[in-house]
Amino acid sequence: MLPLSVPERLADVVTDGRRLAPFTTWGVGGTPRLLITPRCKEDIANAAKWFAGEDVKFDVLGGGSNVLIADGELSIALLHTQELSSMNVSIQGPDVFIKCGAGVALRSVFSLALRSGWSGLEFAVGIPGTVGGAIFGNAGTLAGDMRSVVFEVETVERDGSFRKWRAGEIAWEYRKCGLAGTEGRILSEATLKLVVSSRESLMRTIELAVSGRRTQPKGVKTAGCVFKNPPEDSAGRLLDAGGCKQLSLGGARVSPLHANFIENHANCTADDILSLALLCRKRVFERFGIMLEFEIKFIGIPAERLNV
Ligand code: EPU
């Protein structure tokens, strides 16, 4: 592949040859063609224009907590949102608007809301990752999901233009946000809307949400639930009943606590994780006739590899 000549205006935010494994909670992932770490929205727009002009394929990495990145050399460029971490609060009567850069850690907004007694994000207790990633995947728990707190989203389109979306203009589904389907679109900023409440009433809901996580592995390298729950059922229950808790492959194993989590148990590769996930999906299909849908996102892994 020909080396890319980096435009002058992006020279400060582009690096190459950096392994992505340390940026992911699974601790796996290879090296992109180049890595862009924008410091402001204009950097994103400039990167988008450059990518479009040179026809460079790229993907976006947020907190690395819900993603499987292929091993080895990747043929794509990667835009990492970690420096887009500004947060601005404005309070209008009972409403609290928090404008967040795409790379703001969801747990930072959560703790700010908890300290301040602002209600809306209680469901998100313990969810890792960034605001951008959480919105694009409509992250959530049984207690709620991102669609309930999003007020407005700003994206950078493939041609580098900015676009604003009111929450009501966005098609939301369980773990799915309509904005994420368009290739080349990057979430730059989002405004969340919370409401003034009291710390005590937040704590009651948070305790409930925490109790729903008691059966999940902690302190090990995972990426949360690997599969979405099928309608009216639970992927964890199906995987467990299909005997998946006994399965391991290379250094990856299914969590002995919750069958919808795969752990990087002993320095595994992305390929170990993917092969194990595909084996689990096959088991459930053979046993129950249900084809589980992935909740995690993939970077650098061809679609054909997933269709087995
Ligand atoms: N179950 C089993 N065996 C298992 C795991 C689960 O039998 O190994 C059974 C449980 O006993 C329960 C049912 O399956 O009857 C559902 O399990 P759980 O209560 O753990 O909830 P879940 O549907 O697996 C969902 C979200 C989690 C979220 C929790 C708590 C999805 C795919 N998962 O898990 O979100 O933390 O509810 O709110 O929607 C994530 O999205 O990454 C994630 C971890």
Side-chain angles (χ1 to χ4, degrees), residues 24-28 61-69 105-107 110 120-150 172-177 180 202-248 252-265 273-274 276-281 283-285 287-288 290-299:
T24 70
T25 53
W26 254 325
V28 301
L61 179 65
S65 57
N66 195 42
V67 66
L68 183 63
I69 303 179
L106 192 58
R107 83 172 77 79
F110 174 84
L121 265 179
E122 298 85 302
F123 73 86
V125 57
I127 299 188
T130 57
V131 168
I135 292 177
F136 260 17
N138 189 18
T141 59
L142 297 180
D145 55 24
M146 290 304 288
R147 84 182 101 179
S148 62
V149 289
V150 170
W172 299 98
E173 283 175 45
Y174 162 71
R175 298 293 186 275
K176 196 167 167 185
C177 165
L202 297 192
M203 282 313 291
R204 283 195 288 278
T205 326
I206 288 170
E207 273 154 24
L208 257 176
V210 170
S211 69
R213 296 180 152 251
R214 293 229 169 88
T215 55
Q216 297 180 0
K218 281 179 205 75
V220 281
K221 293 178 181 170
T222 76
C225 286
V226 172
F227 297 101
K228 296 181 184 181
N229 285 336
E232 318 297 329
D233 210 334
S234 154
R237 186 194 74 76
L238 292 163
L239 290 156
D240 194 355
C244 296
K245 272 187 181 163
Q246 272 56 267
L247 297 177
S248 65
R253 71 169 189 187
V254 175
S255 162
L257 279 178
H258 194 300
N260 202 6
F261 285 68
I262 291 183
E263 300 177 358
N264 178 351
H265 183 57
I273 293 172
L274 182 57
L276 181 56
L278 292 170
L279 178 62
C280 290
R281 187 176 70 168
R283 279 260 179 125
V284 168
F285 185 69
R287 179 104 186 249
F288 304 104
I290 295 173
M291 185 59 89
L292 294 175
E293 206 184 306
F294 280 105
E295 181 186 312
I296 52 165
K297 310 284 175 231
F298 297 96
I299 291 182

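Whatever order the structure lists them in is the order used to number ligands and atoms, beginning at 1. Since the structure is predicted, the reported quantities are computational estimates derived from the model, not experimental observations.
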Quiz prompt | Given R283, R287, K245, the one that forms salt bridge (Lys or Arg N to Asp or Glu O under 4.0 Å) with D240 | solution = K245

Pick whichever of [options] has a heavy atom sitting closest to [atom].
| atom | options | answer |
| --- | --- | --- |
| atom 9 (C) of ligand 1 | R237, R213, R175, K228 | R237 |
| atom 4 (C) of ligand 1 | S211, A209, G236 | G236 |
| atom 5 (C) of ligand 1 | Q216, E295, H258, R214 | H258 |

Quiz prompt | Closest protein heavy atom (residue, atom, distance) for atom 38 (O) of ligand 1 | solution = L142 N, 2.8 Å

Quiz item: Which residue supplies the protein heavy atom nearest to atom 23 (O) of ligand 1, what is that atom called, and how far is it?
Solution: N229 ND2, 2.7 Å

Quiz item: What do the steps show when you test K228 against E293 for salt bridge (Lys or Arg N to Asp or Glu O under 4.0 Å), and what is the final call?
Solution: CA-CA 6 Å; K228 296 181 184 181; E293 206 184 306; 3.0 Å; yes

Quiz item: With only distance considered, is C225 within less than 3.5 Å of ligand 1 through an N or O on each side?
Solution: yes

Practice problem: Indicate yes or no: does an N/O atom of K245 lie under 3.5 Å from an N/O atom of ligand 1? | Solution: yes

Relative to the heavy atoms of [X], which atoms of ligand 1 are at a distance of less than 4.0 Å?
| X | value |
| --- | --- |
| G224 | 42 (O) |
| G212 | 30 (C) |
| F261 | 44 (C) |
| A259 | 4 (C), 8 (O) |

Any protein heavy atom lying closer than 4.0 Å to [atom]?
| atom | result |
| --- | --- |
| atom 15 (O) of ligand 1 | no |
| atom 26 (C) of ligand 1 | yes |
| atom 11 (O) of ligand 1 | no |

Is [X] reaching over with its side chain to a backbone N or O of [Y], donor-acceptor style, under 3.5 angstrom?
| X | Y | result |
| --- | --- | --- |
| T24 | V28 | yes |
| E122 | G120 | yes |
| D145 | A139 | no |
| T222 | I262 | no |
| Y174 | P230 | no |

Self-check item: Within 6.0 angstrom of K176 NZ, more than 12 heavy atoms from elsewhere
Solution: no

Exercise. Step through the shown structure and confirm whether more than 12 heavy atoms of other residues, nucleotides or ligands are within 6.0 Å of CZ on R175.
Key: yes

Please give me the minimum heavy-atom distance between [X] and [Y], naming the atom from each residue.
| X | Y | value |
| --- | --- | --- |
| F110 | I206 | CZ-CD1, 3.6 Å |
| F288 | A241 | CZ-CB, 3.6 Å |
| E263 | P256 | OE2-CD, 3.7 Å |

Please work out whether any backbone atom (N, CA, C, O) or any side-chain heavy atom from C-beta onward of [X] is under 4.0 Å from ligand 1, and answer side chain, backbone, both or neither.
| X | result |
| --- | --- |
| T215 | side chain |
| S234 | side chain |
| F227 | backbone |
| D240 | side chain |

Practice problem: Would you check whether Y174 reaches within less than 4.0 Å of ligand 1, judged by its heavy atoms? | Solution: yes

